[in-house]
Amino acid sequence: MAAANAPIAMKEVLTLPSIGISPQFITFTNVTMESDKYICVRETAPQNSVVIIDMNMPMQPLRRPITADSALVNPNSRILALKAQLPGTTQDHLQIFNIEMKAKMKSHQMPEQMFERTANLVNNQIINYKCDPSEKWLVLIGIAPGAPEKPQLVKGNMQLFSVDQQRSQALEAHAASFAQFKVPGNENPSILISFATKSFNAGQITSKLHVIELGAQPGKPSFSKKQADLFFPPDFQDDFPVAMQISHKYGLIFVITKLGLLFVYDLETASAVYRNRISPDPIFLTSEASAAGGFYAINRRGQVLLATVNEATIVPFVSGQLNNLELAVNLAKRGNLPGAENLVVQRFQELFAQTKYKEAAELAAESPQGILRTPDTVAKFQSVPVQAGQTPPLLQYFGTLLTRGKLNAFESLELSRLVVNQNKKNLLENWLAEDKLECSEELGDLVKVGYTPDYLFLLQTILRTDPQGAVNFALMMSQMEGGCPVDYNTITDLFLQRNLIREATAFLLDVLKPNLPEHAFLQTKVLEINLVTFPNVADAILANGMFTHYDRPRIAQLCEKAGLFVRALQTKNFLMEAKLPDARPLINVCDRFGFVPDLTHYLYTNNMLRYIEGYVQKVNPGNAPLVVGQLLDDECAEDFIKGLILSVRSLLPVEPLVEECEKRNRLRLLTQFLEHLVSEGSQDVHIVLQNSAFSGNFNLQNLLILTAIKADPSRVMDYINRLDNFDGPAVGEVAVEAQLYEEAFAIFKKFNLNVQAVNVLLDNIRSIDRAVEFAFRVEEDAVWSQVAKAQLREGLVSDAIESFIRADDATQFLDVIRASEDADVYSDLVRYLLMVRQKVKEPKVDSELIYAYAKTDRLGEIEEFILMPNVANLQNVGDRLFDEALYEAAKIIFAFISNWAKLAVTLVRLKQFQGAVDAARKANSAKTWKEVCFACVDAEEFRLAQICGLNVIIQVDDLEEVSEYYQNRGCFNELISLMESGLGLERAHMGIFTELGVLYARYRAEKLMEHIKLFSTRLNIPKLIRACDEQQHWKELTYLYIQYDEFDNAATTVMNHSPEAWDHMQFKDIIVKVASVELYYKAVHFYLQEHPDLINDMLNVLALRVDHTRVVDIMRKAGHLRLVKPYMVAVQSNNVSAVNEALNEIYVEEEDYDRLRESIDLHDNFDQIGLAQKIEKHELLEMRRVAAYIYKKAGRWKQSIALSKKDSLYKDAMETASQSGDRELAEELLVYFIEQGKKECFAACLFVCYDLIRPDVALEMAWVNNMIDFTFPFLLQFIREYTGKVDELIKDKIEAQKDVKAKEQEEKEVIAQQNMYAQLLPLALPAPPMPGMGGGFAPPPPMGGGMGMPPMPPYGMPQMGSY
């Protein structure tokens, strides 16, 4: 996938070696990164130091000589924590330093432990320790050597600890992280932990990602546990997770492995989003980039990589590539991302069509970028008819929006219409107070008609959340037509109840501006509360004089208590209000406490001018400037002011007087005063100023020139030339402000203020030529520096550089560099930078000097320069030279700094391909190899391209790109050669074997099958299957399907493309393994059409799998039933009706009565009567005999006998009658034989049906029909049978008599024994009872031997031959 379209964007932010970090310190134990703000590196050579890298200024690392065992930088500020042993101690101490203040803040012994490690972490290397945002859950991660049968797979162990429960749980995991997730229906966020594990058990590697909730809240909806597989490519079987970061911004889990794989999963569903290799070197450290929603990663080469979510592509990627529309919508809603607009709109319409208005409302409320928050959506909800007893869908929509935030203007207006129509305006008050509605003019017009809100309630509500908003609302009420609806005092008390003194003051100061008598109480109140709490505020209020109706005695007392003694002396106000004819008490008070302007104003407005003159002349002449200033403000007559000034004369402070007049632009007023001062010495002003006692007066000269500047500019130059004792810098600045630039230049030059002078020439007169001439005349560095800056501003870069060199000024090197580059004057820039680097050691200077050398094609100077000590950022310089196609210079730089990767690319640009390959070999970077490879391909340097390509294709992620590059340029043979060479590489992976197979499929079909058979176990079979399918290599495709155990597809391919793919033996192996039963019958049709001679062989292998009835039906419909006769014979043992009937049908057609009888005997599952009826009229006797046989088996004895009699098959008839067990049938058959004159048959029938025929019937028939001789065998058998039975009975009787006699003898012996005992026992004992004696007649003696015949076998006589 192209990087631009990938859902995750990767970029290199920094390489640690480029800022001076040695590779030996780029390790897990030396580098820490606790946040996206700082990286901390601990160095131990050449001296112990700690390097802190600010990610905002990565090229300006801070290195401090510090010795420590470990170091961490605070995630938010420049505070450094160090762990080390202090001198004289044996325990570790934690020291905390403020780097900016260069001071130690604290020092502690190492903090007490939080918990004991569980047993699974013993002898583990600890690689991570985290806590959740609530600090209630802690997790510790360690790694240990793997199992003995797979030691290269590192084992991960995790300990999860609950701070509240003080309990631990041991788990297997390599990486873990905490997150917060809000489950729908639960207002409190759930704490989740996600952890990744890769374990080896019972010979199997299992890689899983788990997401579970910690401390579920009782009675609240909880987060369902999720898990997913981590799919490691075949070449990464020994890789394992080393870190996990969770993007709280997007709800994504990032799992990073040691070998640089990145797995991205959705936090809510644990669905896989993306997998890619982000680093060719092992990654040992990561940190969350919270602002970007991604993470930083550092690998062993020192690359600092930043992974971020590509907001423009991730949603289209999930919906398109992954086809996970639900996840795409959730991502878009969660991160407010583009790309799901159509999906969201489509889903909204589906929900609406299904009348799921609640779900549709929730979707619209959460729609990304508010795409559904439109008038159309509101109109759609409005159009839904309201069902009785149900909440209108429109209200459901607005309710959902209100629970999630603020409504926009249109939504606010529509909701307000509903509420106003239902007369529920109190709801509007609540929503406005909670800032749920967006105010607009239309909304105001809607709610103001006939509506009287509860302003006091609204104010109280706003006060709870927004005090300043409450002030604004109160002021709004105070300006309402008809007056404020709430009393000012009540409003003030509401603020004071919540101790909101400032807000109460702000409100009162605004509403009390009119200074009305009826507000006297409130004026007093605002002063009281501020004098008690904020005296300075009260002082400012009193100083402003905005209130005049407050309780003065009360406020005076509070002022005194608050230390505002001046305010306590507000007696002046009383004096002024009293309008006493004698103003001297007022004058004394005001003079004492500095109320001179107030005093002057009072005296002037009350026409007490003589008191003004008395105060200035007698009480305090020093305050005369203040008096003059106030009189000017009161527009007093100038003559009175001039007279007042002249009356004081030399006692008057000149500078304050000038300041007061200048502030009011009334300096002309002082002219007469100055002239009077001059007139005391001479009538000629200039002569007096130069020769009188006043000529040395600094202030007077200043005043004279300043007066001339303001009042008579034409005289200024003359004053400048004649006067020497004035403030040159200050007067010069005034002259500049008055736009008297030549006069200002003359002043600055006169006082040797050359920098100011040249600035006037440059900034005001705007004459660079005069400035240059002036600079040559004074030859001051500062002057040349100013000239240089001006020349630089005007674009005179070469002249500016010359001036900077004359000024020996290196301060403006950044501006000079920028201007020189714009003007393309690099030769001059070289001279300037050579001067600058003698004064400063700046990487920028040295870097730009190299660049200037390159731009002027002075490559020799570059080589000499970089060999000398310098501080140039050579990496950046090289990159810049490369970007601007200055490849020869870039080549020198990259070769010097051993940046082989960039050197290789540079040599490619220079068409030095052999050198590029050598540099790429030293760089040993997949990216570099790839760039050089592609360049060699473009240049048709295929030998070199192959060298590079072999180092690229061993990277799984780059293989496809290389292949496409070759193919797009038609280099098919060269690509195949490259891949064939790659097969022998030690790191050859499945992708190489697969890609070569794809290439064979496209361009070398004759080698494809051999390749597949040789390397079938090392191929990505699904990919090669697609290639073979596209290229129509059906035989190879079939083989691949077989290897991939996709026998259904293999069988389908063979049948669809039989000319190329069919092989009978192979197909038999395939068809027995297919999963789809339908393919069996498709195979039957296939063989029937294309290979009927082999169909029985094929069916035989399917005999145990197919439905034989269906096969017979197929063949019957096709009219080729006989074709599968061998198959049916083979499966007839299953006794399937269809098979039996089909075979019987074939036997009938073939007149094979032996096989037919055998089939009937062995397999009875068929329509017997139907078959019998079909063949009972067959022209072949044996067939009719089979029909009779079938009737007999079916129990249709009469039909069988009749058929046998018809064909004179008397033996069959006799046997049928015998087997029927029906005496009547047997005797009827005897009658038939008598009628037909078949005496022999009569005699045979007597024996065959012996058990059924009654002897008397047989004798009668024989006697009547003169066939006694033929009856004798039957009679002899009968007599022998019955005499045998009598003998058996006699024998049984004799045995019974013997048993009786034996029993009687036994009883006699018992009685005798008892009598013997009676003689031995006492006579008193009764004798035992005697058993009764049996009696009766003895059975008659057995009869002698009779004439009985031995019993006949079943069904009479032995079978006789057929007649």
If you count heavy atoms of other groups shown closer than 6.0 angstrom to [atom1] of [X], is the number above 12?
{"X": "Glu518", "atom1": "CD", "answer": "yes"}
{"X": "Glu187", "atom1": "CD", "answer": "yes"}
{"X": "Lys789", "atom1": "NZ", "answer": "yes"}

Salt-bridge present (Glu528, Lys525; N to O < 4.0 Å): no
Salt bridge present between Arg664 and Asp633 (N-O < 4.0 angstrom): yes
Would you say the side chain of [Y] lies within less than 4.5 Å of the side chain of [X], judging by non-hydrogen atoms?
{"X": "Phe748", "Y": "Glu733", "value": "yes"}
{"X": "Met480", "Y": "Pro485", "value": "yes"}
{"X": "Lys406", "Y": "Leu437", "value": "no"}
{"X": "Phe495", "Y": "Ile501", "value": "no"}
{"X": "Leu463", "Y": "Leu500", "value": "yes"}
{"X": "His601", "Y": "Thr605", "value": "yes"}
{"X": "Met55", "Y": "Asp36", "value": "no"}
{"X": "Asn623", "Y": "Val616", "value": "no"}

Can you tell me how far [atom2] of [Y] sits from [atom1] of [X], rounded to the nearest 0.5 angstrom?
{"X": "His248", "Y": "Ser290", "atom1": "NE2", "atom2": "OG", "answer": "8.5 Å"}
{"X": "Tyr602", "Y": "Met608", "atom1": "OH", "atom2": "CE", "answer": "5.5 Å"}
{"X": "Leu522", "Y": "Leu509", "atom1": "CG", "atom2": "CG", "answer": "11.5 Å"}
{"X": "Arg78", "Y": "Asn98", "atom1": "CZ", "atom2": "CG", "answer": "10.5 Å"}
{"X": "Ser647", "Y": "Phe640", "atom1": "OG", "atom2": "CZ", "answer": "8.5 Å"}
{"X": "Asp54", "Y": "Lys37", "atom1": "CG", "atom2": "NZ", "answer": "8.5 Å"}

Heavy-atom closest pair, residues [X] and [Y]:
{"X": "Cys484", "Y": "Ile491", "result": "SG-CD1, 3.9 Å"}
{"X": "Gly629", "Y": "Glu660", "result": "CA-OE1, 3.9 Å"}
{"X": "Gly732", "Y": "Ala744", "result": "O-CB, 3.7 Å"}
{"X": "Gln180", "Y": "Pro133", "result": "NE2-CB, 3.9 Å"}
{"X": "Ala782", "Y": "Val755", "result": "CB-CG2, 3.5 Å"}
{"X": "Gly728", "Y": "Ile747", "result": "O-CG2, 3.3 Å"}

Check: [Y] main-chain N/O paired with [X] side-chain donor or acceptor under 3.5 Å:
{"X": "Asp539", "Y": "Pro535", "result": "no"}
{"X": "Gln523", "Y": "Tyr550", "result": "yes"}
{"X": "Gln60", "Y": "Met57", "result": "no"}
{"X": "His549", "Y": "Asn515", "result": "yes"}

side-chain hydrogen bond (donor to acceptor under 3.5 Å, both in side chains): pairs with one or both residues in residues 496-513, sequence neighbours excluded: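 Residue pairs passing side-chain hydrogen bond (donor to acceptor under 3.5 Å, both in side chains), neighbours aside: Thr505-Asn530.
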Residues Asn759 and Gln786: side-chain donor-acceptor under 3.5 angstrom: yes
Pair Tyr741-Asp763, side-chain donor/acceptor within less than 3.5 Å: no
Side chain to side chain contact (heavy atoms under 4.5 Å, CB included) assessment of Asp634 paired with Gln630: CA-CA 6 Å; Asp634 292 336; Gln630 184 60 45; 3.2 Å; yes
Partner set under side-chain contact (heavy atoms from CB on, under 4.5 Å) for Pro729, not counting sequence neighbours: Asp727, Leu753
Partner set under side-chain contact (heavy atoms from CB on, under 4.5 Å) for Thr490, not counting sequence neighbours: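 Testing Thr490 for side-chain contact (heavy atoms from CB on, under 4.5 Å), a comparison that skips the adjacent residues, returns Leu456, Val486, Asp487.
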Within the 6.0 Å centroid threshold, strictly below: Phe507 and Tyr488: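 Judged by ring-centre distance (under 6.0 Å), Phe507 and Tyr488 do meet the cut-off.
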With Val627, the side chain to side chain contact (heavy atoms under 4.5 Å, CB included) member among Thr600, Leu599, Asn620: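 Among the candidates, only Thr600 passes.
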Residue from Leu80, Ile79, Ile96 passing side chain to side chain contact (heavy atoms under 4.5 Å, CB included) with Asn74: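 The single option meeting the side chain to side chain contact (heavy atoms under 4.5 Å, CB included) with Asn74 is Ile79.
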